[in-house]
Every structure is written in C-alpha cells, then in structure tokens.
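All chains are named by letter (A, B, ...) in the order of the sequence lines, taking the proteins before the strands, and each is independently numbered beginning at 1. Heavy atoms only: backbone and side chains are in, while hydrogens, waters and symmetry mates are out. Fair warning: this is a prediction, and the values are worked out from it, not measured in the lab.
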2 protein chains.
Amino acid sequence: MRDVAALAGVSLKTVSRVVNEEAGVSPDVRERVGAAVRRLDYRPNLAASNLRRTGARTGLVGVLVQDLSNSFSAGVLRALEDVARSRRTAVLAASLDEELEREQSMVHDLVTRRVDGLVIMPASQRQDYLVAELRTGTPAVFVDRPPRGVDADSVVVDNFLGARLAIEHLLDLGHRRIAGLFHLPQIPTAHDRIAGFTAAHTDRGVRPDPRLVVDGISSTDEATEVVHRLLDLADPPSAIFAGRNILASGAVRALAERGLRRSVALVSFDDFPMADLLDPGLTVVRQDVSRIGRTVGRMLFERIDGESAPPRHVVVEPTLVVRGSGEIPRRPEGQRRR
Amino acid sequence: MRDVAALAGVSLKTVSRVVNEEAGVSPDVRERVGAAVRRLDYRPNLAASNLRRTGARTGLVGVLVQDLSNSFSAGVLRALEDVARSRRTAVLAASLDEELEREQSMVHDLVTRRVDGLVIMPASQRQDYLVAELRTGTPAVFVDRPPRGVDADSVVVDNFLGARLAIEHLLDLGHRRIAGLFHLPQIPTAHDRIAGFTAAHTDRGVRPDPRLVVDGISSTDEATEVVHRLLDLADPPSAIFAGRNILASGAVRALAERGLRRSVALVSFDDFPMADLLDPGLTVVRQDVSRIGRTVGRMLFERIDGESAPPRHVVVEPTLVVRGSGEIPRRPEGQRRR
DNA sequence: CTGCCGTGTGACAACGTTGTCAGGGTCTAG
DNA sequence: CTAGACCCTGACAACGTTGTCACACGGCAG
C-alpha cells in the first residue's frame, strides 16, 4: 500500500479511500491510484483491515461435518456453501469422523480464527465445552444432531418419524418379522430411529422380536455379517430396515449373496445417488439434504446479522421414497425362491 | 490481552511469551498468566499475530473443486483435508460448477485472504489470469485437469489410458460396435477420454462408427435419451462406454427400461459408492481418489515449505474394476432376450 | 476584502500482536 | 567486594490498515 501511495503520489489514506470505494476522491486521483494498484498487483491485507475495522466480519464460516466424503455431509455442505456465497462468505470445512476430541479442537481453532459463524454436526454426546467457546459471541447452528448442554439453533430430521414411516410401510404389507439394523445407540439419531422402529410396532400391536434388532453396527461388512446371521435363524425376518445407508449396502450384499433381493423386503434410512438403479430400486426414507443445508445457512446468517431471539429447533420431516425393494410382500413360507 | 496482563500483573509482552510458550518465563509468572487466560477466556487474535510475524503462515489452504457434493470432488477434498490436518492447516473449500467467472473470483478472494496454498480443479480452459495472482508467491497445484497458460504442479488421471483400457476390454470380448457417451469435448478430461476411445479402436484395426460416439452430454437424463436413440438404430451397439459416472447412470436407466441390462455391456469412467451393488455390478475405470488427494496435498505442502524445483506433472494410472456389466459378451443376433 | 462553507487530501493514532533491545536482579568467579 | 554473565521482565516500535480530525484551497455571499 505504501508503494502504491508513493507511485501515485498520494497518501496512504487516499489509497485506502480508493480501494474501499469511499466517496470524496477526485476522479483524477482515483484514476492515478487505480493505475498504481494494477501496476503493482496490490492486494489489500484483509487481516490488517479486519484488525482495524471495528466489529468487522471475517467473511468466513466454519462447517464441521461427520465426513466430507459421505454424501449426506457433502450435500449439506454444498447447500450451505451456496447460501454462504450469496453472503460473500467463504466456508472452512472439516471432517470430525465421530471423534470428540477433534470436534473440540476444531471448534477452538475456528473460534480463534474469528469465524463469523459455526455449523456443527456433532460427534460428541454433550457440547458443554461450547458455552465457553461461544462466549465470544460466535453464533452456532447444529445440524443432524441436536445440541446438549448448550442452547443453540438446530436443524434435525425427525428420525423417529422416519423410522416409523418405514416400519408402518412394511407392516402394511403384512410383514411381522422385521429386522432392524442400527448404528451405536448412544448417537441421538440412531437412538431415535430405534425408538421409531419400536413405536411403530407397538402402535400396531406387534411385538418386535428383540433378536431381530441389532445395534452397534458401524460398517458395511458388519451389516452383511449380521444379515446373514439373521437369515440363518429358524424364523428369519421377511423384511429388513437399515438404519443408515452404509448398513443398507451391507444388507443388499447379503441378500444378493443368497439370491433373496426379490424375496426379502428392504427399506433404508438415508437416500444416496443411484439408489434407484439397484434392482429392485431401494426404497428409502429420504432426508432433504439440500433443504437442510439451506435452512441451516439461513438460520446462521440471521444470527450473524444480529438476530437474538431464543434458539429455534427446526425439525425436518423425512419422506418415504418408494422404489421397489420395500414393496416386496411378506412371503409366509418358502422364502428361498428366485 | 491487555486485560490478561492487568489481571496477572505483568506486561503485554510477558503474556505473549506465555501464550506462545516461549522459553524464559519463570514458572510462577507462567502460572499466573495461565490462570488469567483461562479466567478471561482469552484467545489470541490470529490475524494480529500473523500481521506482526514476518512471513507467517495463515494455516489456511484453498481448495476449488468442481462440485463439493459429487463423490469425486468430495473424495479428493477429504484426502486433502487429512494431509492438511497433519500440517495443522485448515481447508477453505468451494465449488466452481464449471463456471469460469467463479473460478477467477474465488482465486482472487483466496489470494487476498493470504492462503498458504491453492488447489484448483479448473473450470476454465486457460488459467493465464493466474500468473498475476500467483505473483504473490502463493503456490498452486492443479488436480484432475492440467494447467494451461501457467506453469504449476498438477496431478491428473491418465484419461486416455483409462478409456483405452475400457475399450480394449470390450474389444477383447468380441464387441465391435461400441457406443461412447461423453461430456463436452472442450474439457480436457473428456477430450482425452474420447481420444483413448478412438485410439483403442484404431490400434486394433476397428473403425468406430461415428454415429455411436456422442459428446456434449452433460446430464443423466440426456444420457438416457441418447442411449435409447442409439438402441433404436438398425444396427445398435452391443456395448456402451460411459465417459463419466453421471452418464453411466443414464445408460443404466435406459438399459433397464428395455430389459437389456444383461444383454448390452456397459463400462463407465469413474467409480462411485455402491456401484458393486447394481445387478450386474458396474464395471468401471477407477481413479484412486484418495491417492490423488494425498498426492496433491503432499505436493502442495512441499511448495509451501519452499520447494522451488520446476513444476511436476504427476499422472495417475486408473485401473479397470471388473464387476459384471462390462463382461457381457457380444451377442451377434437377437439382442432382445431376457 | 473578509469570513464562511464545502471539497479533497493528509497526519496521526489505533486495532492486537510480537521482535528488539535494554534494564534490573541474582549468581558466580576472581 | 567487584565484574561479568545470565536470567526475567518490560518499554517500544512495527506489522498493514482505517477512523478521526485538521488543514488547505477555491468559491461565494456580505
């Protein structure tokens, strides 16, 4: 900036005025400074500028998701990015991989970087640590999992409802022995899906067989194994509900290995690209990822703009997408057929 | 910081020393300052710190990909993130959506933010504009598409080889009428894949039917349409090569609609999650996304560390992943069979 | 001619931090 | 007892920018 001022023969302040398009600079000077800026490839130092300006924004928001490479996280991030772009804000993204410690250290880092806002898909059970972090006034919005131990905006899917929709759908088709595959039950989303699974049964007077409900499954391979084990039971399930898309792929594989893809019904939570190309197409409970992302973005920027109403907790309703795999009727006997 | 100094009864500089874990502070004072820091929730202002330090890094890298929500971009980003994390660096991510203008403005913004490095999956044809941007010394690494008009490191997949692998595979199975579905030919990746498609044919003395080679297809629906049109020809293709995964899903859909999934061979460029669950499993040319991301990360940080050797251009070899859809033999007559 | 106003410009301090250097205290060797 | 060395600590300037304020100039009314 000093060089620009020297080259244009003006003071630092005048360069600042031109760069910031402030009024009150004669066209002549404005032109001279502009030329000098271009000639020297001058770029204002945003850090210094923010330092000086009172209450300036960094134009940066932090987004902490479970895993940038999974389609749910990536979809939410993408929708958020679009909102951020319209607010001339850049996005700092990171994966938490369900690691509590990483969540805390990332939040700390981002707050230290003075991001204007924070979006968190939490890995931790409780976020008490956030109370201190957010004392600086950084707004935070939770997504996918509600906050515990700290009061903040959130956008979550109604996991209970989603599971119930799926199970009711299967019950309507006559299924009575429905297997449930779930993630770690201490994760709120998994917990609610298990609850929805159970509630749908009991509401209809059906008692779910506890042997058919398996939780703590965290990989596709484990899911394949579990499904094989369930199908080996003397009274195997006639339908399967997968509580997460990666568990659904394990289930699909197990069914395929036994030639049962058209014999055992399957419904999954979470849609994914190309689920409709499977044969039969995979019936899923879909979360509207981009709507979730947009909602989160909108709420975050309202807070950044100074909105100070009490935290809002938006619950997005998932929908059942019928594609075939979930519409296989109960087959009372002779499941081995092709 | 001033408050901390006052509370601890020391000078600003001493607080600075404690915060930065500099040597030469008595344990007593260190402890007092530490307590004050905790009590006041003090956080150093990174911007100010960077401003003062000579040649300090921002601990920030910019990553510009095609679309954060597609699995290739997301996978590369994720692998990059892991490298960045090990270097205590955060990642600023953005989607370009093949928009040239956005590429330029994002690069400009990121350079102004003083990122330590830049990763670009270019949307533009030429990147001459970068010469001026990079004069500040910000290193850049290109991924997926090589740089034009500016000399910089790059990591790209051998698209020519990938397409050739696929076509040779199909030719080996006796196919002679192979359809090719491609993206816009002015995009270098598409261009090379078309070239590989053609070269594989001519190397084997087969003349590809120009009517079977369609480029400029940019959506799944368009691909479906095109495949239907090709299958309506008097002499339809016995195999299809999809030059991109989104085109593959269009092709799968068209084949499914005609009950030809087990009759017409299909090989696609780009793997995607759950491609193995299709029936038959989709045979693809796979790019090792996480290796690409890691390589890019490694190269970028070498530059950030001051490496000044001439730019390197790494070409990653793709591999053919056989899953069934590509191994359907040529069926000389009566393709309509189920 | 004087005084006032508006316009364009610049000097200076300040944002929050750290590098430099100097000073005061304690310790050790001569 | 003194000189030198060493250890801690603090004063001060500087990083690149912008807010505040003052000043110089030309024009205009009295």
Exercise for the section: Establish, from distance only, whether the side-chain atoms of A/R53 and A/S49 form a donor-acceptor pair under 3.5 Å. Expected result: yes
Practice task
Assign each of B/N45 and B/R17 to its nearest nucleotide of DNA chain C by heavy atoms, then name whichever residue's nucleotide is nearer the 5' end.
Solution key: B/N45
Problem - Closest to side chain of A/K13, choosing from C/dA11, C/dG19, C/dT9 - result: C/dA11
Exercise for the section: Grab the CZ-C1' distance between A/R53 and D/dG16 for me, whole Å please. Expected result: 12 Å
Completion exercise
A/R114 CZ to C/dG16 P, in whole Å, measures 9 Å
Problem - A/R38/A/E31 ion pair, N-O < 4.0 Å - result: yes
Practice task
Give a yes/no answer on whether the side chain of B/S16 brings an N or O atom under 4.0 Å of OP1 or OP2 in C/dT18.
Solution key: yes
Exercise for the section: Check whether any side-chain nitrogen or oxygen of A/S49 sits under 4.0 Å from OP1 or OP2 of D/dG16, and answer yes or no. Expected result: no
Problem - Gap between atoms CG and C1', on A/L51 and C/dA13 respectively (whole Å) - result: 13 Å
Exercise for the section: Indicate yes or no: does A/D305 engage A/R87 in a salt bridge with an N to O separation below 4.0 Å. Expected result: yes
Exercise for the section: With heavy atoms under 4.0 Å as the rule, sort A/V10 into base, sugar-phosphate or nothing. Expected result: sugar-phosphate
Handout entry: Closest listed nucleotide, where the reference is the side chain of A/L12 and the choices are D/dT17, D/dG16, D/dT9
Key = D/dT17
Exercise for the section: Return no unless some side-chain N or O of B/S11 is found under 4.0 Å from OP1 or OP2 of D/dG10. Expected result: yes
Exercise for the section: Could you verify whether a donor N or O on one side chain and an acceptor N or O on the other, from A/T58 and A/D116, lie under 3.5 Å apart? Expected result: yes
Exercise for the section: Tell me what B/V29 touches on the nucleic acid: a base, only sugar-phosphate, or nothing, going by heavy atoms under 4.0 Å. Expected result: sugar-phosphate
Handout entry: Length of the CD-P vector between A/E21 and D/dT18, whole Å
Key = 12 Å
Exercise for the section: Establish whether the base of D/dG16 is bridged to the side chain of A/R43 by a donor-acceptor pair shorter than 3.5 Å. Expected result: no
Handout entry: Distance test, side-chain N/O of B/R52 to OP1/OP2 of D/dA14, below 4.0 Å
Key = no
Exercise for the section: Quickly work out the A/R57 CZ to D/dT17 P distance and round it to whole Å. Expected result: 22 Å
Problem - Nearest to side-chain heavy atoms of B/E22, which nucleotide of D/dT18, C/dG19, D/dG16 - result: C/dG19
Exercise for the section: Please tell me which of B/T14 and A/L46 maps to the more 5' nucleotide of DNA chain D, matching each residue to the nucleotide holding its nearest heavy atom. Expected result: B/T14
Handout entry: Short side-chain N/O contact to C/dT18 OP1/OP2 from B/N20, under 4.0 Å
Key = yes
Handout entry: Minimum-distance nucleotide to A/R2 side chain [options: C/dT17, D/dT18, D/dG16]
Key = D/dG16
Handout entry: side-chain N/O B/N50 vs D/dC15 OP1/OP2, d < 4.0 Å
Key = no
Handout entry: Donor-acceptor pair, side chain of B/D97 and main chain of B/E99, under 3.5 angstrom
Key = no
